[in-house]
Amino acid sequence: MSKQSVAVPFTTLSLDASSPVPLYRQLYEELRQAILSGQLRPSARLQSTRELAVELGVSRNTVMNAFEQLLAEGYLEGQVGSGTYVSRALPDDMLQAGAVSVRAAHARRKGRALSSRGRVIAGTMVNASPALSSTRAFRPGTPALDAFPFDAWMKLTARHWRYPRRDLLGYGDSAGYGPLREAISEYLGAARAVRCDPGQVIITSGAQQALDLAARLLLDAGDSVWIEDPGFLGARGSLLGAGARLVPVPVDDEGLDVARGARACPRARLVYISPSHHFPLGVTMSLARRLSLLEWASRAGALILEDDYDSEYRYAGRPLAALQGLDKEGRVIYLGTFSKMLFPSLRLGYMVVPSDLVDAFKNARAILSRFSPSIEQAVLTDFITEGHFARHIRRMRALYRERQECLLEAARRELGDALELEPNDAGMHLVGRLPRGTDDRAVSREACKLGVEASPLSLYFIERALISGLILGYAGYDEREIRKGVRLLAAALGV
Ligand SMILES: Cc1ncc(COP(=O)(O)O)c(C=O)c1O
């Protein structure tokens, strides 16, 4: 019998001693509701009657009576005294009843008002994919989890847990673990020509949190922000959530069209761009455009959010240095993430902020969620300083290039003219163009039904979608998965 072995501590139970309803009956009712609503899942082990009695401040007998009743009615199984579990096989009609009462409670709460800002945040789409838990081809942004050096990571992790340092177990610095800030600053200087000292590096829970932090801290409601169109949904969400008025600026072969932006809104407060490798089109912003953006920002007194989310993966030619390194006036806030270099659930990213903004960002970071987990930060520091990181990036560069070639070749063979896929010198995904006028969302839905993910390009446009296409992430999938994905895509496209 496979049972969950972790006892579920019940922190949300509250019993009312002044109520005429006996305490055991109140407890019975609360537990029953928790089971029916799915809050307590089938097979979950409950705390012992002794622990629960202490926690609730009631006699053990009270808890035992409630448990006995639930056992008798089939909500729980096992034996009081030797492990009690939520029944694995609850009759469907019981769960239905629970679901209905949960739905009714939601319906009652629906009238509760969100703030106008809350409504914007709640209504903003952040994820292109509905099924977040699966990592099947071709979801973009997923690195090769099958090629991660887990052995090395495990050894470094074990080293920290064997003799845990007190300073890593208590509250940490909101700007991040000092040695990690140093390692990142050194890496960014050497690899991306970013100009910073470790004091300017703020560790965040991924680039998304850095974006959110910047939006909250730098914008007043109604401030104008240039944003790439098409562009990254997460940036749109954070900017809208901070009350920004978005000014969509088109992207061509040279990146964000600065002249168009300046015509549409000459005095924007902020610009969001991904110049190394535009998401989703994959364009690298030309040097001329970078310089003209900096020049415009200087005239307009604007700040620039540079999202350098996957710049490590360049397969041909020399990478263009980060925009931040060209900035002489402290106008660029640089963002990066370990989600693409290592794995997304690590939730570690960083931002490099101009010196005069460091204290403000440190404070705001603390308000958001205090600081990122210290042991993970320390493990990552060792991973970088002991050479694993550079080795991993080198290996992934070769692997991703191979995977891109595999995708191109399979697409040429299976898809013909139905999807026009161009190679790209950088990144972890390709954009496939569909014939003019094709409804890319319908194609994507059909693909999803057949078991393959292909985000529709139109989803990322703010104004009218100018290109119909599909975004295919390839980095996270081996050659077998890529070929299978392409065959499924061919079926979805009716080839
Ligand atoms: C363009 C771009 N920027 C930033 C991020 C944020 O990544 P994370 O919050 O995982 O660091 C992503 C993730 O998909 C992305 O595609």
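When a ligand or atom number is given, it counts from 1 through the structure's own listing order.
In this structure, a donor-acceptor pair under 3.5 Å is absent between the side chains of D307 and S274.
In terms of polar-atom proximity, defined here as any N/O pair under 3.5 Å, Q208 does make such a contact with ligand 1. For ligand 1, none of its N or O atoms has an N or O atom of S205 under 3.5 Å away.
Every atom of ligand 1 with a heavy atom of T337 under 4.0 Å away is listed here by number and element: 8 (P), 11 (O). The distance from ligand 1 to the heavy atoms of G206 drops below 4.0 Å at these ligand atoms: 9 (O), 11 (O).
In the displayed structure, R347 atom CZ is contacted under 6.0 Å by more than 12 heavy atoms of other residues, nucleotides or ligands.
When all heavy atoms are compared, the tightest approach of V443 to L493 is CG1-CD2, 3.6 Å. Contact detail for Y177 and I203: the closest heavy-atom pair is N-CG1, 4.4 Å. The minimum heavy-atom distance linking R192 with S276 is given by the pair NH2-OG, 3.0 Å.
Residue contacts with ligand 1, taken as heavy atom pairs separated by less than 4.0 Å, involve A207 via backbone and side-chain atoms alike.
Counting only heavy atoms of the protein, atom 10 (O) of ligand 1 lies nearest to S339 OG, 2.6 Å. Given atom 13 (C) of ligand 1, the protein heavy atom at minimum distance is K340 NZ, 2.9 Å. Looking only at protein heavy atoms, the nearest one to atom 2 (C) of ligand 1 is D307 OD2, 3.5 Å.
Using a distance-only test at 3.5 Å, with no hydrogens or angles considered, a donor-acceptor pair links the side chain of R269 to the main chain of L218.
Looking at F232, F338, Y309, F343 and measuring to atom 12 (C) of ligand 1, the nearest heavy atom belongs to F232. Proximity annotation for atom 9 (O) of ligand 1: of H277, R347, R139, R347 comes nearest, heavy atoms only.
In this structure, the side chains of I202 and Y350 stay at 4.5 Å or more apart for every pair of heavy atoms.
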